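Notes for the one structure printed next.
When reading the values below, keep in mind they use all heavy atoms of this one structure, side chains included, and skip hydrogens, waters and symmetry mates. Note that the structure is predicted; figures quoted are calculated from it, not measured. In what follows, residues are counted from 1 in the order of the sequence shown.
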Amino acid sequence: MKKSIFFLVIIAICALDCSISSAQNYDELITRSFDYLDADSLPEAEEALREALRIEPGNPGNGMLLLNLGTIQRRQGKLKEAEESYTIGLAFLPNNLTLLNSRAQLFAEMEKYPEAINDYTEVIYHEPENEDAYYERALCKLMNQDTLGARLDLEQIDRFNPNSAKSRLGMAYVYKAQQMWREASELYDALIERNPRNASLLRERAEVFYFSNRMGAALDDVNKSIDFDPRDPYSYLLRAQIRYAKGDREFARRDLNQALELGLNKEEVRDLIEKLK
């Protein structure tokens, strides 16, 4: 009898030791993942989190762990793996808005617009005045050819935030999609008046001027955009298009080469490359 009790105690101690060891390993791996992130070692951070999940697959904290894992994978361009991580994380935390927002952003990046719209809709259900969610859902609807739905989302923002810059920027995108260049340029005028050094806004207004055949105004804006952000390849691409339209082929070729050097994909500008040969 004494031997039986002795063995039971030994087994219990071993089980307790294993449990403590597992918890320590789990926490240590999470800490290690943060250290790897600080060192910008994304593959090592990803592997540390994967190992923690293997050790304790049922840990209640795994929902947030999977959020971190998905974000690390997304930063590495592993979009399918990131989608899987976010989705499993939502199985742990079905109403976690950070996870829903992260997956919605990922879906939009993957051009899965209906799925992104569904996630943003869920966020809005829990936070009816979430301006960012309405704005992002409007952009996804616009990309999904639902111009009316996009406008309704942007108008909804105006109901609880009449001074929203996001709703005005979103409406500028809607007007551009509908080729309503005058209306779009008026919205950009107001936005740029409040943010005169915003390179993206200047580039986008330059694009409106380009499509409405106001080449001088387009060139002025894109030049300012490049002054404020000389590393944006799309500004150089737009300036190349403007200069080509004005007949300045040599300067257009230089701008196009600069855009390619800054990372622009050749396939995106194949037609312009051919025109400038």
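Side-chain N or O atoms of R205 include none that pairs as donor or acceptor with a backbone N or O of A217 at under 3.5 Å. Remark: the backbone N or O of A133 is paired with a side-chain donor or acceptor of N130 at under 3.5 angstrom. With hydrogens and angles ignored, the 3.5 Å screen pairs a side-chain donor or acceptor of N265 with a backbone N or O of E267. Formation of a donor-acceptor pair under 3.5 Å by the N161 side chain with backbone atoms of I157 is not found in this model. Between the side chain of D248 and the backbone N or O of F251, no donor-acceptor pair lies under 3.5 Å. For the pair N101 (side chain) and L97 (backbone), a donor-acceptor distance under 3.5 Å is present.
In this model, no donor atom of one side chain and acceptor atom of the other lie less than 3.5 Å apart for Q105 and Y86. Side-chain N/O atoms of N62 and Y26 include a donor and acceptor closer than 3.5 Å. Side-chain contact of S164 with E131: a donor-acceptor pair under 3.5 Å is present, judged by distance alone.
The CG atom of L237 lies 8.0 Å from the CD atom of E268; values are rounded to the nearest 0.5 Å. Between D153 atom CG and L148 atom CG the span is 10.0 Å, to the nearest 0.5 Å. We find the CD-CD distance between E115 and E83 to be 7.5 Å, quoted to the nearest 0.5 Å. The CZ atom of R214 lies 10.5 Å from the CG atom of D220; values are rounded to the nearest 0.5 Å. To the nearest 0.5 angstrom, L49 atom CG is 8.5 Å from L66 atom CG. Taken to the nearest 0.5 Å, the CD atom of Q76 stands 5.0 Å off from the CG atom of L42.
Among residues two or more places apart in sequence or in another chain, the side-chain hydrogen bond (donor to acceptor under 3.5 Å, both in side chains) test is passed with R239 by N223, D255. Every side chain to side chain contact (heavy atoms under 4.5 Å, CB included) that E136 has, sequence neighbours left out, goes to Y120, L139. Judged as a side chain to side chain contact (heavy atoms under 4.5 Å, CB included), and not counting sequence neighbours, the contacts of E250 are R253, R254. Shown here are the side-chain hydrogen bond (donor to acceptor under 3.5 Å, both in side chains) partners of Y175, two or more places apart in sequence or in another chain: there are none.
Between R182 and E186 there is a salt bridge, since at least one side-chain N of the basic residue sits less than 4.0 Å from a carboxylate O of the acidic one. R54 and E51 are joined by a salt bridge, as a carboxylate oxygen and a charged side-chain nitrogen come within less than 4.0 angstrom of each other.
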**Request:** Would you please test Y234 and E207 for side-chain hydrogen bond (donor to acceptor under 3.5 Å, both in side chains) and show each step?
**Result:** CA-CA 10 Å; Y234 290 100; E207 186 180 40; over 6 Å; no

**Prompt:** Passes side-chain contact (heavy atoms from CB on, under 4.5 Å), L69 versus L53? Steps please.
**Reply:** CA-CA 10 Å; L69 177 60; L53 289 165; 3.8 Å; yes

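K112 places none of its side-chain heavy atoms less than 4.5 Å from the side chain of R103. At least one side-chain heavy atom of Q178 sits less than 4.5 Å from a side-chain heavy atom of R151. D221 is not listed as a side-chain neighbour of R203, based on a closest heavy-atom distance of 4.5 Å or more. Side-chain atoms of Y188 and E204, non-hydrogen and from C-beta on, do get closer than 4.5 Å to each other. The closest side-chain heavy-atom distance from D229 to S235 is not below 4.5 Å. Between V269 and L260 the shortest side-chain heavy-atom distance falls below 4.5 Å. Residues R159 and Q156 meet the side-chain proximity criterion, which asks for heavy atoms closer than 4.5 Å. Between L219 and V222, the closest side-chain pair of non-hydrogen atoms falls below 4.5 Å.
Each of E46, E109, E84 was compared with K78 under the salt bridge (Lys or Arg N to Asp or Glu O under 4.0 Å) criterion, and only E46 meets it.
For A240 against L272, the heavy-atom pair with the smallest separation is CB-CD2, 4.2 Å. What you find for L202 and S225 is that their closest heavy atoms are CB-CB, 4.0 Å. Considering all non-hydrogen atoms of both residues, V208 and A184 come closest at CG2-CB, 4.1 Å. Nearest heavy atom pair, residue Y134 against residue P128, reads CE1-O, 3.2 Å.
The number of heavy-atom neighbours closer than 6.0 Å to CD of E193, taken from other residues, nucleotides and ligands shown, is 12 or below. By the neighbour-count criterion of 12 heavy atoms within 6.0 Å, atom CZ of R270 is densely surrounded, having more than that number from other residues, nucleotides or ligands. By the 6.0 Å contact criterion, OH on Y125 is open, its count of non-hydrogen atoms from other residues, nucleotides or ligands being 12 or less. Under a cut-off of 6.0 angstrom, the local environment of CE in M143 is sparse, with at most 12 non-hydrogen atoms contributed by other residues, nucleotides or ligands.
If you chain together ILVMFWY residues whose side-chain heavy atoms come under 4.5 Å of each other, I226 ends up grouped with Y236, L262.
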Using residues 32-40 as the side-chain source, report each donor-acceptor pair under 3.5 Å to any protein atom, sequence neighbours left out, with the distance given to one decimal.
{"from": "S33", "atom 1": "OG", "to": "I30", "atom 2": "O", "distance (Å)": "2.6"}
{"from": "D40", "atom 1": "OD1", "to": "R75", "atom 2": "NH2", "distance (Å)": "3.3"}

